[in-house]
Amino acid sequence: MEAMCDIELEPDLDKGLDQCDLIVDALFGFGFKPPIREPFGNALKALRNTKIPIVSVDVPSGWDVDNGKVDDSCINPEMLVSLSAPKPCAKFFEGKYHFLGGRFIPRFLAKEYDLDLPEYPGSEQCVLLSKI
């Protein structure tokens, strides 16, 4: 399967990003702990400066999972797709759309951990949590 936009092969990240219609941000997992180390600083700078819409998966890259943006090096995605349950940093999300994806947590576990998860309509695997 050929990638629609492969910025790894592009020496100038800004030029590579300009060839994309949408950017999926999944650089780090929710276990990321700041500070940002190279080579990721340059990648985040390019993402921060682009006008192309960014969709972040679970936690926007560079954000602290609990406290959100830690400094000006963090990105501001237009869309956030939380997996299983929104992470604490989602309360700081200021983009246009926040979705919850996946029916990964059984009801008994949601109840045990006091998670307030929405109902998924029909067989949907994704639900809109907020729209600005």
Side-chain angles (χ1 to χ4, degrees):
M1 180 174 177
E2 185 176 329
M4 291 173 48
C5 180
D6 190 350
I7 64 170
E8 287 183 346
L9 302 177
E10 184 63 50
D12 180 359
L13 287 177
D14 295 325
K15 182 179 176 188
L17 291 176
D18 288 344
Q19 298 173 29
C20 301
D21 296 319
L22 178 75
I23 298 166
V24 177
D25 161 40
L27 287 174
F28 309 114
F30 67 85
F32 169 78
K33 299 288 183 208
I36 296 165
R37 294 176 270 302
E38 292 306 330
F40 301 107
N42 285 336
L44 286 180
K45 181 179 177 187
L47 291 175
R48 194 173 56 254
N49 293 329
T50 189
K51 301 290 186 217
I52 298 163
I54 298 173
V55 177
S56 289
V57 177
D58 227 10
V59 177
S61 290
W63 288 31
D64 178 85
V65 70
D66 293 316
N67 302 310
K69 291 189 269 183
V70 294
D71 57 33
D72 291 337
S73 68
C74 297
I75 65 170
N76 294 305
E78 287 193 33
M79 184 185 301
L80 177 62
V81 179
S82 294
L83 301 178
S84 299
K87 309 311 176 271
C89 66
K91 65 185 167 200
F92 302 107
F93 173 67
E94 297 174 341
K96 292 182 181 178
Y97 302 97
H98 183 191
F99 286 90
L100 180 62
R103 294 180 170 194
F104 306 120
I105 300 178
R107 291 179 196 256
F108 79 90
L109 205 54
K111 186 176 179 179
E112 181 178 330
Y113 287 96
D114 197 29
L115 298 175
D116 184 21
L117 300 177
E119 291 293 322
Y120 288 83
S123 61
E124 294 293 324
Q125 295 298 310
C126 194
V127 64
L128 179 64
L129 295 179
S130 67
K131 178 180 177 182
I132 296 176

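By convention here, the first residue in the shown sequence is residue 1. The analysis underlying the following values was restricted to heavy atoms, covering all of them including side chains, and did not include hydrogens, waters or symmetry mates.
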Side chains of [X] and [Y]: does their closest heavy-atom pair fall under 4.5 Å?
X: Val127; Y: Glu119; result: no
X: His98; Y: Pro86; result: yes
X: Leu47; Y: Ile52; result: no
X: Phe93; Y: Pro77; result: yes
X: Phe28; Y: Phe40; result: yes
X: Cys126; Y: Leu100; result: no
X: Leu80; Y: Pro60; result: yes

Task: N-O pairing of Glu78 and Lys51 below 4.0 Å - done: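 No, Glu78 and Lys51 are not salt-bridged.
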Open item on the list: Taking Ile54's backbone N and O only, do any of them form a donor-acceptor pair with Asp25's side chain (distance below 3.5 Å, no angle check)?
Closed with: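 The answer is no, because no donor-acceptor pair under 3.5 Å joins these two groups.
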For the atom pair [atom1] ([X]) and [atom2] ([Y]), what is the distance rounded to the nearest 0.5 Å?
X: Lys45; Y: Ile75; atom1: NZ; atom2: CD1; answer: 15.5 Å
X: Asp71; Y: Lys69; atom1: CG; atom2: NZ; answer: 10.5 Å
X: Lys87; Y: Asp64; atom1: NZ; atom2: CG; answer: 13.5 Å

Task: Matching residue for Tyr97 among Leu128, Val81, Leu129 - test: side-chain contact (heavy atoms from CB on, under 4.5 Å) - done: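 It is Leu128, the one option of Leu128, Val81, Leu129 that forms the side-chain contact (heavy atoms from CB on, under 4.5 Å) with Tyr97.
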Task: Shortest non-hydrogen contact from Phe104 toward Gly101 - done: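 Taking every non-hydrogen atom into account, CE1-O, 3.6 Å.
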- [ ] Start with the C-alpha distance between Arg103 and Leu117, add both sets of side-chain angles, then the distance that settles side chain to side chain contact (heavy atoms under 4.5 Å, CB included), and finish with yes or no.
- [x] CA-CA 10 Å; Arg103 294 180 170 194; Leu117 300 177; over 6 Å; no
- [ ] Tell me who clusters with Val70, hydrophobic residues only, linked when side chains sit under 4.5 Å apart either directly or through other members.
- [x]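 Besides Val70, the cluster holds no residue at all.
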Task: Full working for side chain to side chain contact (heavy atoms under 4.5 Å, CB included) between Cys89 and Asn67 - done: CA-CA 5 Å; Cys89 66; Asn67 302 310; over 6 Å; no
TODO: Quick one: do Met79 and Phe99 satisfy side chain to side chain contact (heavy atoms under 4.5 Å, CB included)? Show the steps, please.
DONE: CA-CA 8 Å; Met79 184 185 301; Phe99 286 90; 3.9 Å; yes
Open item on the list: With no hydrogens and no angle check, just 3.5 Å: does a side-chain donor-acceptor pair link Asp58 and Ser82?
Closed with: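 Judged by distance alone, the side chains do not pair up.
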Open item on the list: Please determine whether side chain to side chain contact (heavy atoms under 4.5 Å, CB included) holds for the pair Ile105 and Leu115, giving the CA-CA distance in whole Å, both sets of side-chain angles, and the decisive distance to 0.1 Å.
Closed with: CA-CA 10 Å; Ile105 300 178; Leu115 298 175; 3.8 Å; yes
